[in-house]
Amino acid sequence: MSTKKSQSAGSARAYRLDLKLLNRIERLSETQFVYVMLLPVFALLGTMAIWPLLYTANISLHADNIASADPVGAFVGLENYVRILTGEANLRRPFLDLNTPFTSALPVTLMFTAVAVVAETLLGFAMALILDQEFRGRRWVRVGMILPWTVPIVIQGMIFYLLFQPSLGFLVGPLQNLGLLSGSPLANSQDSLLIVILGDIWKQSAFMALLILAGLQSIDRSLYDVAEMSGASRLQQFRTITFPLVLPTLLVALLFRTIAALKVYGLVETVSSCNTVPTLSCLVISTWNANRYGSAAAIAFVIATIIALLLLFYLQQFRKQEHGGI
Amino acid sequence: MPQSRDNSGAATSSHSDSINRRRFVQAVGATGVTVGLAGCSGGGSSSGSTTGEGGEGGGAGGASKLQLTTHSEWRKNSEAIKQALYDAGLSEDIQLEFISAGSTTDEMQNQYSQWLSAEQARPDLMIFDSGWTIPFIVRGQLLNLEDALPSDLLDTVHNDYFQQSVGSATGPDGDLFGVPLYPDFPTIQYRKDLVQDAGYDWEQYRTEAMSWKQFASELQDVYEQSDADYGFNWQAASEIQLSCCVFNEFLSSWGGAFFGNPEENLYGPVGDRPVTVNEQPVKDSLRMARSFVHGADADGTLDGFAGGITSTEAGQWGLSPSMRPFTNGNAVALRNWPYSININGAEDALGEDMGVMPIPYGVPEGEGQYPGTGGSVGALGGWNFAVNPNSQQVDAAVEFLQAISTESFQLANFKTVGHIPPVPSTLKQASDVPIMSRYLEPLTYAGEHTMARPATPVWPQQGEAVAQEAHAAIMAKKPVGEAMSSLQSRLKSFEESYSG
């Protein structure tokens with residue numbers, strides 16, 4: 001009997017607590033309520049994204065310890081960063097050595113990013129302009145143009161590897177005869193960088209085309225009618241209508257591609273090797289695989305900083321757009 | 001909803017909102033409880049992963065289940081291998097589960113790092129590349145077998161096995177941490193028919209290596225007389241095959257060494273040993289390699305050496321691309337590991353037209369600058385089985401190691417998947433193994449003339465530097481002297497930065 005009584009008293013207490021909580025939630029302002037509802041998301045983000053970042057940042061402040069089962073050594077502050085940026089760190093390839101730009105990670109990555117992204121943007125824009133036209137068989141042309149984007153990186157890498165294997169690839173002989181390639185192009189840093197860039201353009205131009213096409217199709221067609229009525233040429237229409245209106249989309253596409261290009265790794269490893277085309281990501285992975293976790297984490301944060309700087313540049317362009325720039 | 005709030009005033013809005021909030025919170029709470037209960041009742045097992053995670057193994061009736069990483073050839077022939085192990089004395093109460101740790105040696109190394117750092121109990125046994133067993137030993141991540149194995153087995157491994165293989169699984173104080181499963185040593189495979197047609201007999205060199213000078217000269221002649229597109233194929237790509245093996249063979253056969261006397265310094269002390277890659281024998285070996293690729297008249301080649309016998313394509317050749325022309329009968333000779341003997345010696349490839357001989361020498365045996373250098377030198381490859389120190393099945397693992405140490409198992413393994421027996425006397429007896437048995441003499445000779453790579457904890461990064469600089473020198477991207485000076489300072493820098 002007394003047990004029943006205490007049980008009912010307990011459940012009444014719990015009910016009062018529930019009510020108290022619900023009443024408190026009712027009294028929250030709109031903003032407070034939104035934040036309460038977002039708490040699980042913040043918790044998830046904190047656990048899955050922020051904490052690993054902070055943990056890696058912490059590792060980057062510790063020495064390498066390759067001779068122990070615990071690979072994180074003593075706290076050394078910013079020493080890993082200093083050694084990387086001053087060229088004192090023993091890395092697979094130098095981080096920055098302008099005497100050997102084709103075997104130095106930062107110049108190789110920047111060259112790859114600049115050439116590939118510019119070429120992909122131009123080609124993607126041209127492809128999008130074509131795909132935006134009404135013509136017979138447009139659907140099949142769209143499929144054909146987008147097809148390379150669907151190819152997995154490893155397959156893409158193997159395609160270009162085989163294309164430039166001297167005994168197998170049909171491209172090597174003619175290009176060597178023209179003096180454009182060396183006897184073993186995939187072992188030559190300049191040739192390999194060019195081949196990796198070609199591989200990236202082949203695949204990623206379609207991605208740029210897709211995004212730019214979306215921007216093009218959102219342009220109000222009546223603007224072109226008005227322009228034509230006013231006697232504007234095709235070039236003038238492009239300069240005054242198409243380009244300004246597609247620019248926000250273009251900036252988003254450029255942002256995506258630039259970030260991805262700065263992190264290139266898979267294509268390099270499948271087509272050539274990180275010894276031949278040493279990108280920044282190659283440095284991180286080879287250093288990590290050598291059990292030098294502190295140095296690898298520091299390089300990763302240097303890459304993240306470079307990407308963040310570029311991100312800021314793009315954000316500035318967005319802001320200009322919002323304020324009527326360009 | 002916002003519309004009605006605006007129209008009906010703050011109080012109403014608050015009331016209307018609070019009902020929704022209350023319902024919302026109640027709904028979320030109810031969903032959470034339901035999902036929680038479902039999760040609890042769903043349970044789920046954490047064991048049984050194919051990658052070896054979780055689970056304590058074991059089985060009905062007191063049987064234990066050993067989980068071990070193996071190569072694909074064992075997994076493809078798992079029934080035959082298991083039967084050979086049981087026939088060799090492994091208790092049938094011990095069940096065996098073969099799993100993969102990756103498809104490349106690098107993948108396996110990285111996977112082991114993760115497993116062992118996490119102190120996982122499984123897999124119980126792991127197969128380690130002889131090129132990177134020692135870093136795991138130095139980090140204290142493998143079981144010391146001196147206390148676990150019976151003394152007669154320890155004696156057998158220490159005394160009867162190929163000593164370089166045992167050295168690759170031995171700690172700094174001489175303790176054994178792994179049992180060699182099979183050693184690997186490269187040889188020169190050649191088109192016997194083309195060589196004979198050109199008037200030479202290389203069969204006489206099956207157990208007595210010829211010099212590089214003679215080899216280059218005769219091969220050039222054979223190459224010119226034949227219709228083959230390729231002469232001597234080997235691997236000069238800037239990757240591990242060059243650093244651990246090809247360049248190691250070249251420089252050792254010329255009497256040079258990476259770190260002075262290999263008998264004292266091969267495995268350390270890191271940071272307290274000389275770096276000797278800038279010495280004459282090493283540079284001579286690279287000049288010889290340059291002669292092979294660029295011809296005798298090119299800059300930086302070795303005087304009096306025949307050249308132009310290796311395609312410039314070698315600069316991007318790993319093992320398979322260099323072998324392909326030879327398998328197709330389109331090359332005179334190939335430097336490769338024993339697995340390729342099985343491929344090229346098959347009837348649908350070159351069959352009995354293929355000959356095998358040891359790697360040639362730069363300076364005669366005993367005339368190298370350091371002990372153990374000079375003469376024919378093949379790089380040591382191969383794999384060792386080591387025990388996970390966190391395993392709950394150490395007794396069963398020891399029984400497994402005893403089984404793989406028996407002669408019957410080693411012969412069965414050689415016959416089934418082509419793994420060379422790790423004991424020279426067992427290798428000599430393997431006369432009934434198809435294809436390979438034709439080449440037992442040169443294989444045994446090669447097994448007794450090997451040089452391991454200096455596989456210390458800093459070797460993964462040093463090896464990359466070696467590959468880059470040797471490749472640059474061979475492919476004439478840098479003068480030999482400049483490349484070796486650069487390598488000397490890079491290796492020193494790695495040595496000095498080590499704080500083991």
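The figures that follow rest on heavy atoms only: side chains count, while hydrogens, waters and symmetry mates do not.
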Contact residues of residues 156-165 of chain A (partner chain B; heavy-atom separation under 4.5 angstrom):
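Listed by number: Y161(A), F164(A), Q165(A).
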With a 4.5 Å heavy-atom cut-off (strictly below), which parts of residues 274-288 of chain A touch chain B? List them by number.
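Only N275(A), S286(A), T287(A) of residues 274-288 of chain A have a heavy atom under 4.5 Å from chain B.
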Within a radius of less than 6.0 Å around [atom1] of [X], do more than 12 heavy atoms belonging to other residues, nucleotides or ligands occur?
X	atom1	answer
N177(A)	CG	yes
K478(B)	NZ	yes
Y35(A)	OH	no

Flag side-chain contact, heavy atom, 4.5 Å: [X] against [Y]:
X	Y	value
S104(A)	R93(A)	no
F112(A)	T109(A)	no
S243(B)	R453(B)	no
V277(B)	F259(B)	no

Proximal to chain A - members of residues 134-143 of chain B, heavy-atom separation under 4.5 Å
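Checking residues 134-143 of chain B against chain A gives V138(B), R139(B), Q141(B).
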Taking heavy atoms only and a threshold strictly under 4.5 Å, list by residue number the residues of residues 308-317 of chain B that touch chain A; give 'none' if the list is empty.
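Hits under 4.5 Å: T312(B), E313(B), G315(B), Q316(B).
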Between L193(A) and V108(A), does the side chain to side chain contact (heavy atoms under 4.5 Å, CB included) criterion hold? Intermediate values first, please.
CA-CA 8 Å; L193(A) 178 60; V108(A) 164; 4.1 Å; yes
Taking A236(B), S113(B), S238(B) one by one, which has the highest count of heavy-atom pairs under 4.5 Å against chain A?
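Looking at each of A236(B), S113(B), S238(B) in turn, S238(B) comes out on top.
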Partner chain A: residue of H471(B), E464(B), K477(B) with the largest heavy-atom pair count (under 4.5 Å)
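Top count of heavy-atom pairs under 4.5 Å with chain A: E464(B).
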Side chain to side chain contact (heavy atoms under 4.5 Å, CB included) assessment of M475(B) paired with R290(B):
CA-CA 7 Å; M475(B) 300 314 294; R290(B) 261 168 98 123; over 6 Å; no
Taking every non-hydrogen atom, the tightest pair across P185(A) and V172(A):
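Looks like CG-CG1, 4.4 Å.
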One pair to check against side chain to side chain contact (heavy atoms under 4.5 Å, CB included): L116(B) and M126(B). What are the steps and the verdict?
CA-CA 11 Å; L116(B) 293 170; M126(B) 286 171 264; 3.6 Å; yes
Without hydrogens or angle criteria, can the side chains of [X] and [Y] be said to hold a donor-acceptor pair below 3.5 Å?
X	Y	result
Q461(B)	R292(A)	yes
S295(A)	D64(A)	yes
N390(B)	N388(B)	yes

Part of D70(A) lying under 4.5 Å from any heavy atom of chain B
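Neither; nothing under 4.5 Å.
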Region of P71(A) in contact with chain B, defined by heavy-atom distances below 4.5 Å:
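No part of P71(A) comes within 4.5 Å of chain B.
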Is V270(B) in contact with chain A via its backbone, its side chain, both, or neither, using a 4.5 Å heavy-atom distance?
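For V270(B), there is no contact with chain A at all, as no heavy atom is under 4.5 Å.
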Out of curiosity, [X] [atom1] to [Y] [atom2], how far, rounded to the nearest 0.5 Å?
X	Y	atom1	atom2	answer
R490(B)	E469(B)	CZ	CD	5.0 Å
S182(A)	D191(A)	OG	CG	4.0 Å
W459(B)	F258(B)	CH2	CZ	4.5 Å
L28(A)	E30(A)	CG	CD	10.0 Å

Taking the six-membered ring for Trp and the single ring otherwise, decide whether the centroids of Y230(B) and F326(B) are under 6.0 Å apart.
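Y230(B) vs F326(B): aromatic centres not under 6.0 Å.
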